Protein chains: 2
Amino acid sequence: MTESEFELIATYFTERKFKRGDYVVRQGIKVDHTFFVVEGMMKLIFDDESGKEHILSFAMENWWETDYLAFHKRTQATMSLKCLEDTTVICLSFEDYHNLCAAVSKMEHFFLNKATSGHLASQQRILSLLASTAQERYFKLIHNYPSLTKRVSKSQLASYLGLSRETLSRLYKGK
Amino acid sequence: MTESEFELIATYFTERKFKRGDYVVRQGIKVDHTFFVVEGMMKLIFDDESGKEHILSFAMENWWETDYLAFHKRTQATMSLKCLEDTTVICLSFEDYHNLCAAVSKMEHFFLNKATSGHLASQQRILSLLASTAQERYFKLIHNYPSLTKRVSKSQLASYLGLSRETLSRLYKGK
DNA sequence: TTTTACCTGTGACCCATATCACATTTTTCA
DNA sequence: TGAAAAATGTGATATGGGTCACAGGTAAAA
């Protein structure tokens, strides 16, 4: 990517800073942007009717995240994006996302790669939900993302894995 | 899309026909192609150590499917793609996939859309595995894909939903 | 530094779903 | 068309993981 391409691309972006606990996207509110994490960490969550929170993903440095369904369908969020740490993001609006793809085919290629690997990762997660026990899923997670387990609480991990914090706590007796 | 674009694109594709029960991709064998379903139906499955089959997706007409992880990483399949009906597919090799994207930016755009919607669908499925009961998942499925439930057996649906066929059978007493 | 909120572990008990076993019906294809 | 294979329903029983409850620990914020 050349200097001039980089400068062009930079004009599409806006930087914003959030505090731990802040919502970047909130359930019920229209989603106009997708966000790139420069520094910090967020979680993409769904709060169900019973008040339970489910974690769809953790977004760390260099990840793009938003409520993609709402972003692409131009609707209200059904999920929220909440900061687990003070976080700096770069914002890209829906319009600019498409303008950028049209203007710079390298960016379209880049987003294709992102979408593909996102799809792959989700598929692997579905597989582990279908085929693995709670224990296997937990050990696979700490094996594949050791840094994650150092940055988030056990309760958060439990919610990501789809189990109760009590059950997670019982999985590593003496481990 | 113009006539000449269409003709160019067509040169990248090869048609193949398979019988019900045939494997299009087989666990352990290198994956060189992605497949577009012209007619028929396939399932993407993972067979675990205990011999249990898990269904990752059903590929019906107009869907692209393969073991994407193996396809993109240029490795052996960890999943299989098996025909549920006699099926006609169009094959696109890894090389041609990239050549085509580079040659025809509309195709790259098209694949970006596919990957994005694939990612969205997977995310919704993860959410339903995390947040919904077996019953809710089953009723959501027949609501969202009524045609699917008419083409595949209950055991296959159970496997897709991540539950035993016995449990599925007990979910619709009087329904 | 103190207060307050959040996080973690653990026991007791419960329930949704799995497993096993068997009978019956439906579909496939030779 | 007839035999073999696959799909389905249903009872009995087992179990992984959830829920509730409480206590002690750790971190954040005023």
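All values derive from a computational prediction rather than experimental measurement. The chains referred to below are lettered A, B, ... by the order of the sequence lines, with proteins before strands, and numbering in each begins at 1.
Using a 30° and 60° split on the angle between ring planes, F94(A) and H72(A) fall in the perpendicular class, above 60°. Under the 30°/60° scheme for interplanar angles, the aromatic rings of W64(B) and F13(B) are found to be tilted.
L171(A) has its CG atom 13 Å from the C1' atom of dG9(C), to the nearest Å. Separating the CG atom of D22(B) from the P atom of dC29(C) is a distance of 11 Å, rounded to the nearest angstrom. Counting to the nearest Å, the P atom of dT8(D) and the CD atom of E166(B) are 12 Å from each other. Summarising the geometry, the separation between CD on E85(B) and P on dT28(C) is reported as 10 Å, rounded to the nearest angstrom. For R137(A) and dG16(D), the CZ to P distance is 14 Å, given to the nearest whole Å. Distance L168(A) CG to dC7(C) C1': 12 Å, rounded to the nearest Å. Rounded to whole angstrom, the span from the NZ atom of K154(A) across to the P atom of dA27(D) amounts to 12 Å. To the nearest angstrom, P of dA7(D) lies 12 Å from CG of L157(B).
For the OP1/OP2 pair of dA7(D) and a distance below 4.0 Å, the side-chain nitrogens and oxygens of R165(B) include no atom meeting the criterion. Residue K52(A) places at least one side-chain N or O closer than 4.0 Å to OP1 or OP2 of dT19(D). Dashed line: the shortest gap from a side-chain N or O of S155(B) to OP1 or OP2 of dT8(D) is under 4.0 Å.
The side chain of Q156(B) has dA7(D) as its nearest neighbour among dT10(D), dC7(C), dA7(D). You'll find that the side chain of R20(A) is closest to dA28(D), out of dA28(D), dT19(C), dT17(C). Across dA7(D), dG9(C), dT19(C), the shortest atom-to-atom separation from the side chain of S153(B) is found for dA7(D). Listed nucleotides dG18(D), dT8(C), dG9(D) differ in distance to T167(A); the shortest reach to its side chain belongs to dG18(D). In this structure, the nucleotide among dT17(C), dT28(C), dG9(D) sitting nearest to the side chain of Y172(B) is dG9(D).
The base of dG11(D) is paired with the side chain of R170(B) by a donor and an acceptor separated by under 3.5 Å.
For D96(A) (side chain) and N99(A) (main-chain N/O), no donor-acceptor pair under 3.5 Å exists by modelled atom type.
Between the side chains of S169(A) and K154(A), no donor-acceptor pair of N or O atoms lies under 3.5 Å. Side-chain atoms of E136(B) and S128(B) form no donor-acceptor pair, as typed in the model, at a separation below 3.5 Å.
When heavy atoms are screened at a 4.0 angstrom cut-off, G162(A) is found touching the sugar-phosphate backbone but no base atom.
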